[in-house]
Structure formats: C-alpha cells, structure tokens
Protein chains: 2
Amino acid sequence: MDNLPSIFGQHDLFDLEDLPEASDDFSRFLFNVRDRFGVDDIAYAGMNPVNGSIFGHVTYNDDWKAHYASQGYHKIDPTLHKARRSIAPVDWARLDRDSNFLMVFDDARDFGIRDQGLTIPVRGPYGDVGGLSVTSSLSQKEWNKLKGEVLVGLQSVAVHVHDMVIRSDNLSNLLRTPTLSHRELEALQWTSAGKSQQDIADILSISNRTVEVHLRSARHKLYALTTAQAVGRAISMGLIYPG
Amino acid sequence: MDNLPSIFGQHDLFDLEDLPEASDDFSRFLFNVRDRFGVDDIAYAGMNPVNGSIFGHVTYNDDWKAHYASQGYHKIDPTLHKARRSIAPVDWARLDRDSNFLMVFDDARDFGIRDQGLTIPVRGPYGDVGGLSVTSSLSQKEWNKLKGEVLVGLQSVAVHVHDMVIRSDNLSNLLRTPTLSHRELEALQWTSAGKSQQDIADILSISNRTVEVHLRSARHKLYALTTAQAVGRAISMGLIYPG
DNA sequence: GGCGCTATTGGGGAAAACCCGTAGTTGAAT
DNA sequence: ATTCAACTACGGGTTTTCCCCAATAGCGCC
C-alpha cells in the first residue's frame with residue numbers, strides 16, 4: 001500500500017495520495033475525475049475472475065444504476081465484453097451495433113446516457129480485470145477532439161483506480177495469495193502439457209495418488225471446478241505456461 | 001523447475017530486431033519515444049504465452065544488449081520481476097538493492113546505464129505480460145521532476161507497444177492455426193468455465209456425446225492430448241477466454 | 001449427381017479422473 | 001513445544017472422459 005503513491009510525485013494530476021481509502025469515497029473520487037476531464041459520466045467496473053461477479057463505482061444516476069443492475073446488463077454489456085478481451089482502449093464508436101449493444105444503449109438513452117464513450121481495460125497480476133468507462137454527449141466532432149486529449153490521462157487513472165479497488169476488495173484478496181505450492185504448480189504445468197496423472201507421477205517419481213492430491217489442492221486454491229478450468233486460470237494468471 | 005520461477009520462465013530471450021518484419025518500425029518508434037520524453041533509454045520486454053517466447057526491443061547499445069542476453073539477466077532482472085507482480089508503474093528507486101539488483105546494475109553501470117528508471121507493466125487477456133522501462137542519467141532532482149511529467153504518457157505508450165507486439169504475434173500464429181468450428185469453440189469455452197460435458201450438453205441443448213465429439217475434434221485440431229491441454233492452448237492463442 | 005466437409009446423434013467399453021476419507025514425515029513458524 | 005502447511009501415499013467407490021465404432025443431414029463445390 002505504501003510503495004505506490006510517491007512514484008507519481010506532486011506534479012501528477014492524480015496522485016495516489018489523493019485516492020480515497022474507504023470504498024464509499026470511490027464515487028466521490030470518480031465525480032472529481034469526471035469534472036476534471038469534462039466528460040458526462042465515468043464508471044469503473046472490476047471483474048472478479050473467480051466467480052465472474054462485477055463490482056464497481058459509477059457517476060451514473062441512481063435510476064440507471066438500478067435499471068442496469070436489475071436487467072443484468074453487466075452480463076451482456078458490449079463495452080465490458082470487448083474490454084475484457086482487449087489490451088488497448090475501446091472506442092464505443094467501433095463496437096458492432098448488435099442486439100446486445102442496442103438492448104443496453106436503447107435503454108440507456110432513456111436515462112440520458114449516450115452511446116458515445118470509451119472503455120479502458122486494465123489488468124492485474126492475479127487475473128483481475130477492470131474497466132474504466134467515460135461517456136460524453138458532446139457533438140461527435142467535439143468528442144473526437146476531447147477523446148484525444150483525455151485518453152492518455154484516463155489510462156493512468158484507470159490503472160490507479162483498479163489498483164486501489166483490488167487492494168481493498170476482499171474477494172480479490174483471496175486471489176492475491178495464489179500460493180500454489182511447488183508440486184501443485186508442477187502438476188498443473190505438466191497437465192497443461194497434456195500429461196495424465198500417471199504420466200506426471202512417473203515424471204516426478206511419486207505416486208499417481210499424490211499427483212491427484214496436488215491437482216485437487218490446486219483446483220481448490222484456484223476455485224476451479226475442474227482441472228481444465230484450473231489450467232486455464234493458472235495460464236491466464238501467469239502461474240504456468242501453456243504446454 | 002525453480003522454487004522461485006524465473007520471470008519469464010525457462011525460455012530463451014530473443015530480440016525483435018532479429019525478426020525481419022516490422023522491427024524497423026518498432027525500433028524507430030522507441031527511439032522516437034525516447035527523444036520525445038527526454039529519457040536516456042527505452043526498453044520493452046514482453047512475453048506471449050502462445051509459444052512462451054520473449055520479445056525484447058530496446059534502445060540500449062549493442063554491447064549491453066549482448067551482455068544482458070549472454071548473462072541471462074532477464075531471468076533475474078529485479079525490474080522485470082517486480083513489474084510482473086505489480087499493476088502500477090515500478091520506480092526503480094524503491095526496489096531492494098538485493099544481490100540480483102546489484103548483479104544486474106553493477107554491470108549496467110559499466111555500460112553507461114544507471115539504476116534510475118521506471119518500469120511500467122502491461123497485461124493482456126491471455127496471460128501475456130510486458131514491461132516498458134525507461135532510464136535516465138539526470139540528477140535525482142531533475143529525474144523526479146521528469147518522472148512526474150512523463151509517467152502518464154509512458155503508460156499509454158506501454159499499452160500501445162504491447163498491443164502491437166502481441167497482436168502481430170497472435171496474428172502470425174492464427175495464420176498457422178486450423179480454425180475451430182463454432183461448436184468446438186463453444187464446447188471449449190464452457191469447459192474452460194468449469195462445466196462438464198453433460199453440463200455443456202444441457203446448456204447447448206445437444207447430446208453429451210455430441211459435446212464429446214466437438215471436444216475431441218478440438219483436441220485434434222489443436223494437437224492436444226487432453227482437453228485440459230486444449231483449453232490451455234486455446235486460451236493462449238486467444239481462441240477462447242479464461243472462464 | 002457425386003465429393004468432401006462439418007454438425008449432429010448414438011452404443012459399448014476401457015481408462016482416467018474425481019471424491020471421500022486416513023495417515024506418516026518434514027520443515028518452518030509462533 | 002506446538003501448530004500448521006506441504007508432501008507423501010493408499011483405498012474404495014463414483015463419475016467422467018476418452019476411444020473405438022456407425023449413421024443421418026446439410027452445406028458448398030466441381
């Protein structure tokens with residue numbers, strides 16, 4: 001927690017020392033960012049890779065927040081969907097106007113929210129993913145200009161917000177200790193290389209039952225239902241490498 | 001397999017400049033960025049888990065590049081190691097001056113490279129990790145000032161470079177990859193989400209035997225011996241996403 | 001029309017994985 | 001000194017996957 005703030009010094013617009021400690025203050029921080037960048041609304045959504053749940057802080061009005069949640073739009077929101085698969089910022093103008101897009105944004109319009117915006121994905125080392133979105137109701141020309149001006153700054157804000165949220169999120173704390181033992185990692189690694197439990201037992205010169213125990217333990221630690229899921233999760237978290 | 005795995009695994013380091021295509025563009029781009037931001041050197045290192053290869057692209061002089069590679073410093077480089085575990089930019093000033101640090105930077109000094117710099121981690125959705133580092137030989141006071149000014153911009157550059165590298169690498173891999181059918185991808189995707197064949201059969205409203213056929217076909221196309229391996233491979237290739 | 005490819009649906013049986021335990025040893029930490 | 005996590009191993013029983021086989025339907029292509 002203390003090894004981050006000073007890196008940004010005093011010159012930076014968004015010094016981490018200004019970042020709120022309590023999660024209740026995240027919204028206020030976002031309002032602050034919104035005003036500084038001159039956008040309509042700003043929203044952060046963090047995705048927990050364990051159960052796929054999404055949590056976030058937004059400056060949207062309460063009506064839209066409630067509607068969005070009640071409709072389960074986080075499951076189909078194309079901006080989140082694309083951000084989850086992208087490295088670079090996602091310009092909503094480049095998204096397909098497919099059925100999911102229309103379903104979300106047709107409703108959004110009724111709540112005063114336009115389909116003009118950006119989503120910036122950010123990832124941490126534990127498979128944690130987040131996205132910072134901004135919306136604007138400027139004219140297209142003005143928005144394009146503003147977009148270029150704020151993009152770089154928003155990138156930085158996104159990283160800082162995600163960092164803070166993940167650090168204060170209890171669920172993610174479980175993931176932040178992916179202390180897979182050496183044997184568990186070995187077993188997973190060989191499984192990812194296509195070896196059976198018996199193969200691995202021979203390779204490691206241990207019993208196949210022991211290999212099974214290690215894989216079972218790895219599944220539990222990664223909250224995975226199957227070994228295949230554990231392998232995928234471990235790869236996406238950088239714990240092992242594809243074989 | 002080490003107790004403390006090397007940063008990018010057991011793989012060899014190789015230089016983007018050794019690659020025929022686009023290397024000139026990357027090189028020019030980095031030199032360009034270096035001059036624009038007023039730093040001494042810029043280095044990008046990234047790993048694509050598709051083949052576990054490491055991509056490096058730097059503005060360091062050839063002597064240091066050769067020395068760094070020949071000593072295998074990418075395995076112990078503390079700047080990479082810390083960046084691998086961090087979301088936010090890593091200030092080298094805050095790193096422990098441990099044995100690994102001294103081993104790398106004592107040598108670096110002989111090649112005119114200071115232990116004053118920043119490393120910005122970047123992550124993509126497939127477990128791919130990269131880091132953009134900059135060095136400076138300014139006075140500490142001047143460097144602290146410059147650091148605050150360039151940090152936000154470098155964040156953006158880092159994302160951009162990583163995106164370009166991974167994208168081109170994924171693309172080249174995709175060209176050699178047999179295309180999986182829609183059903184095969186669906187089956188793999190749900191398997192990655194921890195579902196059994198019967199679960200998937202229910203979800204897709206097809207027979208569990210059909211699901212099995214799709215998974216088998218996917219395994220063959222991916223040259224995978226087990227479904228777990230196929231899942232890992234598909235994730236690392238970007239065909240599916242971790243569930 | 002034939003040809004090749006893919007998606008779909010099965011059966012039977014072998015192999016592997018998985019779940020529920022118990023239990024001894026080691027080494028590190030409190 | 002005791003707790004605790006990791007590693008090791010085994011048993012019995014269940015579930016799932018995997019591999020052999022065959023078959024129908026749809027699709028574009030020459």
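Across G131(A) and T119(A), no two heavy atoms sit closer than the pair CA-CG2, 4.4 Å. The two residues I87(A) and R123(B) have their closest heavy-atom pair at CG2-O, 4.3 Å.
Judged purely by distance below 3.5 Å, without hydrogens or angles, the side chains of T226(A) and R219(A) never pair a donor atom with an acceptor atom. H162(B) and Y44(B) form a side-chain donor-acceptor contact under 3.5 Å, judged by distance and modelled atom types alone. When only modelled atom types and interatomic distance are considered, D202(A) and Q198(A) share a side-chain donor-acceptor pair under 3.5 Å.
Whole-Å rounding puts the L215(A) CG to dC18(C) C1' distance at 11 Å. Straight-line distance from the NZ atom of K195(A) to the C1' atom of dA16(C): 16 Å, rounded to whole Å. Nucleotide dT17(D) holds its P atom 13 Å from the CD atom of Q229(A), rounded to whole Å. Atom CG in D199(B) sits about 14 Å away from atom P in dC18(C), given to the nearest Å. Nucleotide dT16(D) holds its P atom 12 Å from the CG atom of L225(A), rounded to whole Å.
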Close N or O pairs between protein and nucleotides 25-30 of chain C (under 3.5 Å):
none

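Ring-plane geometry between W64(B) and Y73(B) is classed as tilted, the angle between the planes lying from 30 to 60 degrees on a 0 to 90 degree scale.
Phosphate contact (OP1/OP2 of dC18(D), side-chain N/O of T226(B), threshold under 4.0 Å): absent. Between R219(A) and dC19(C) there is a side-chain polar atom (N or O) within less than 4.0 angstrom of OP1 or OP2. At least one side-chain nitrogen or oxygen of Q197(B) sits closer than 4.0 Å to the OP1 or OP2 atom of dC18(D).
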Inset, instruction - Heavy atoms under 4.0 Å is the rule here; annotate nucleotides 4-11 of chain D 5' to 3' with B where the base is hit, S where only the sugar-phosphate is, and - elsewhere. - result: --SSBBBB

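Of the possible polar contacts, one joining the R233(B) side chain to the L222(B) backbone as a donor-acceptor pair under 3.5 Å is found. Between the side chain of D199(B) and the backbone N or O of S196(B) there is at least one donor-acceptor pair closer than 3.5 Å.
Distance check, rounded to the nearest 0.5 Å: CG of N100(B) to CG of L80(B) gives 11.5 Å.
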